[in-house]
Amino acid sequence: MTTTIHEPRTVVRQEPPRSDGPPHRSLTGIRVVVSQLLIVIALITGWVLLYLVVFSGFEQSHAQHRLYSQLRTELALGEAPTGAPIDTGAPVALVSIPRAGVKNLVVVEGTAAKQLQQGPGHLRGSVLPGQHGVSVLLGRALSFGAPFGSLDKLRAGDTIKVITGQGKFTYVVTDARRKGDPVPPAPADKDGRLTLITARGSGPFGRLAPDNAFYVDATLSAKAVGAGPVTGTVADEQALTTHVSTGTLALLALALQLLILAMVLTSWARVRWSSLAAWIVGTPMVLGCLWVVSSLASQLLPNLV
Amino acid sequence: MTRLRRAGYAVAAIGVAMSGIGFSSPAPAVTRPVATASVATRAGTTAVSKTETVVREDIAADGSTTSVDRRTIGLKVSDTTNLRGRQELDVSWTGAHPTGGLVSDVNSAAGVNEEYPFVLLECRGVDSTSVPASQRISPETCWTQTSVERFNSNLNTQYPAWRSDAHETDAHRQRVVDAPSPRPSGCTRAASAERWIPMVGVDGTVYPGGPLGCGGQAPEASNIGGTGLPSNATYGITGTDGKGSAQFSAWTEDENATLGCSSSVKCSLVAIPVNGISCDGYGTKLPAADQPDPDTGADAQSTCEAPDVYRAGQFAISGTQPNLATSGALWWSASNWRNRITVPLSFAVSANVCSVVSKDKPLEIYGSTLMSQATAQWQPKFCTDKSLYPFVHVQTSDSSARTLLQVGNINAAFSSRSPDGGFTRPTVQAPVAVTGFAISFVVDGSDGQPVANLKLDPRLLAKLLSESYPANAIGKGADPALADNPVNITEDPEFQALNPGLPQYTAKESAAALLTLSSDADMVYALTSYINDDADARAFLDGKADPWGMVVNPAYKNVSLPTYSWPLQDTNNADAAYIDGGNNPCYSHSPSAYLPLISNPTAVISTIVLNMQYGISNVNTECPNGDPTDVSTLKLQIQGRQQPGSRFLLGVVPLSSVARYSLSAASLQAGRADSTVGDQKADAASAVKARSYVASNNAGLKAAAALFTADKAAKTWTVDYDKLATDAGKTAYPGTLPVYTQIPTKGLDKADAKNLAGFLSYVIGTGQVPGLENGQLPPGYLPLTKANGLAAEAGYTTRAIAAVEQQKGFVPSLDAADDASAPNNPSGTSPTGPGITSPSLPGTGSDPGRTQTGPKAEVTPETTTAFRTVGAHSALSRFALPMVLLLCLLLGSVGVVMRWFPVLIKVATDGTGSLRSWRGRS
């Protein structure tokens, strides 16, 4: 009678030990999530910079296309504005500053951040270019194509050409000034002056931080035409002001929701369809929404940036 | 795959957070779930609307809850930002329970006896659970003026309605709640049930209140309608359609230091739609130990559920107690308080900030009260902006400011006229504002509602000022010559022809007078000039009866006008029968000229504005509690606040106060007015009706400014009343008046001159931008811009800057061309340009090409600080993008390192390992 004892058998696995030690999933998980969050924030800020410095320029050239054909029609018909009231954002003049690389840019009425996204703006409360008195144009220094980004290259004697509904005018640059520099005397009875305003920064990040207003004065080389009606000034449209309108914020909130929706849809598509299909459909959608968000959000920056 | 998905979620999370930011910025914090808010921007102020659902419940003996009354209430508030002291907010609501037991003055303590009032209170704090308890609103931080609004007691039962409140905490349902311990000595013995609602001041002081305020009240509180500001606590009336509206006066720390609202201490407008106590008389919500026995509980429940005493829309009956459970007296109860709708108020930085911010002695500019609203908005800007030097506006009469300037006691004055006889030292008069006076009115129509428009002509003003209305029988007794005149303006056929349909307030003495200043003012000079240059008014004052037979008070016959202050010339006491009759012991004690008591002009303009805002009659004939045996009680008092529904008041106020305090201003006769003296009554009535009446708006000011006459000798622009009284002046508001800053151009010390030049430079530039924010020009002033036809005036001020700065004794001429060869013209240049003034004014400067000639050729054109570019700076653009770039690089690299840390370590260790082996080999 033999009793069989079933001894447990030990199976020895011949494998090298785990190189990464015992599992510590939680720590790795936190590290991965945090690092991904940081990378995403970095990507977003990178996009913001890229948009402001490069992509927003496309937006301005698109707007300029439309404004140019509108102004051309108005000039041909003799309907271009000659005095207040002018609709905000309507084209009023065509400006060329050869030395600063500005060629046939359309000037719009109004100088709030929104109007300066479309091109240089004409300060309300000042006369139109070519008319006697001081006409003031503001332009961005960094974003949206930076129409006035190279104003510092101007020297006394350079020319600025302006076309309005009242004719062609040539201004000659007299001086550039910053805070504390003397203001030139008021133009005499039949003279006209054009003052261009943009922003300039200083220090190592000077190009990225245009924080102080920079003025260029130019006088009309010929006799000025009579001044048309002028509206009152608007505080929100002075140099380097930030104007936050409830409308912009509401639109921004809507655009952000759209962006979220686009991203949620893309994630959903990747789970339900395939990664490739999700990327093909989702990328343009997300980028489009991101673009709208960036365009609206940039209205919250000071108008000359 | 999962990695990408996680990244997607992270982006989505950030997007959600950002969209949250986008939403929360425009809308004020909404703290309770049922309320929704929307915001609409209007010219610098923000209107807010909100909705809230309110429920009244009923708790049965078995603890079951039934909903008795459910309503959805909408609330609209006209302005919530940039508020200033005593600003009137338009509040309207819909959907509330109709009010019963109406009182005529919704700001009085009698409002607590209304059933279902819509209570509006100003409370310190915000309605949010995310702030510390000390910064939250509660009934203890809400302002009420009188003790009865903060104390409830009952002598008959231990269970009055408020103890049956189902939503109240156990501690607050005790017999005596929040009474100070020990009981203050001045207080009566405790009643059967008491609820105290202490007031907590901004400094933390607790004012317990109690019966008649015996436990101590805030200094601003009063038990009876006092002589101070009427309360802003409003027991608003809801109509039977559920709608209602009220004007709410927002107070800052200047009006009420206990409440202490300011730009830094947050306050809210709290609307409490009183909807009745949710009755839990059986105490089912209480711990067993605190529950009343069943019989008492049944009594308490029936007390709490008592039927209402008044029908909706019924007026209060004197001596009748309302249904306490639905009355305004329990506005603080949890059942009502939980239904509150809170609208955060944001106050503008006031001039008080200057004493805190600035250590330097500010510039003092004396003079015109017409400037008070503009300087109230400019002052905080000047002391918070480092590039500007602070100033204070010391409000005095224009003429005394000019005198002080003449003798050299002060350096600058606001004034509307040159001194009679001119300045004795060179002084420039720089236009800084175009504003004027207004005839403000508080008139209730036959429907009891305030009238919006009123027309007045100079003859009516002359009648009011010359005390030609006898006011009442006593006035007729004092001045028998006036016996046949209409008793007051509402009985005057001329007034009735202009303003048809108004009720005749036969018993209102205040309708016989125009409240004006007893002190000097250029405003009064303008008003009397306007009267003097009108043919009808002058003929009336010269003794010719008007077409309806009214004659001037003989004391004023041939009165000499214009004048800086209206003289009180009537010297007739009331007749002996009245003095001896003893009906008015104060008057009998010391009789004086009677009609001047009716007109009773005030010494300061702010009193008139206050009276007009709150409907206070300044007629000084009252003798409350006059005791002939006690001389100390025998002082005449003003009539005080008139009952809304039957008010009639007229007063002269600065135009800027009209918009600031939501006053009504009369349209004044303008343009050509042919004399009606000797006409038939009907002809005269149609003649005065046919004339043009102009409202005191910017269009009227602009038309009047176009008719200013340049006075080349005095170097000012003046109002020409003869020109206004032609067809050209048909749309011009005749109350228009320019205000100048008068500054000597010789003898000031250098720092003062520079600061004053800086003042002018700001005021003529950004200071002319209309708006409600600090530094801008408030409504009631016409901006000095070319668009308003004031280019010459603005240009003159711009040229005056140089003259002030240089102190060479030079006063610019009105026309710049006249100054080109002036020997002591300090500068041929003129500071116009975008860096220094906002409105660019073409063609106003002098010719820069001309060279200086004359004996003082050494005074070369010189650029001064006032001519320097002011510039603009934005801290946001200084830091925003560099920070974004740094953030991008920093977070990007940290993220990459963290993400692939093991890989990097591996690469690093492998790298050093191979390095070592390489070294070992060599």
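So you know, we letter chains A, B, ... as the sequences are listed, proteins then strands, and number each from 1.
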**OP:** Select, from Thr242(A), Leu300(A), Leu240(A), the one with the greatest count of heavy-atom pairs under 4.5 Å involving chain B.
**Re:** Leu240(A)
Original post:
Between Pro783(B), Pro902(B), Gly775(B), which has the largest tally of heavy atom pairs under 4.5 Å with chain A?
Top reply: Pro902(B)
Original post:
Contact part of Leu142(A) toward chain B, heavy-atom cut-off under 4.5 Å: side chain, backbone, both or neither?
Top reply: side chain
Subject >> Max heavy-atom pair count under 4.5 Å with chain A, selected residue of Ala880(B), Ala875(B), Pro882(B), Gly892(B) >> reply: Pro882(B)
Original post:
Side chains of Asp217(A) and Thr195(A): do they bring a donor and an acceptor to under 3.5 Å?
Top reply: yes
**OP:** Would you mind checking which part of Leu304(A) comes under 4.5 Å of any heavy atom in chain B, side chain (CB onward), backbone (N, CA, C, O), both or neither?
**Re:** neither
Original post:
Roughly how far apart are Leu208(A) CG and Ser877(B) OG, rounded to 0.5 Å?
Top reply: 11.5 Å
Subject >> Heavy-atom proximity to chain B below 4.5 Å, by part of Ser245(A) >> reply: neither
Subject >> Spacing of OG belonging to Ser143(A) relative to CG belonging to Leu49(A), to within rounding of 0.5 Å >> reply: 11.5 Å
Original post:
How close do Leu782(B) and Asn698(B) get, heavy atom to heavy atom, and via which atoms?
Top reply: CD1-O, 3.8 Å
Original post:
Of the listed residues (Ala224(A), Ala255(A), Ala209(A)), which shares the most heavy-atom pairs with chain B below a 4.5 Å separation?
Top reply: Ala209(A)
Subject >> Separation of Ile39(A) CD1 from Arg899(B) CZ (nearest 0.5 Å) >> reply: 7.5 Å
Original post:
Measuring from Leu890(B):CG to Leu886(B):CG, what's the distance to the nearest 0.5 Å?
Top reply: 7.5 Å
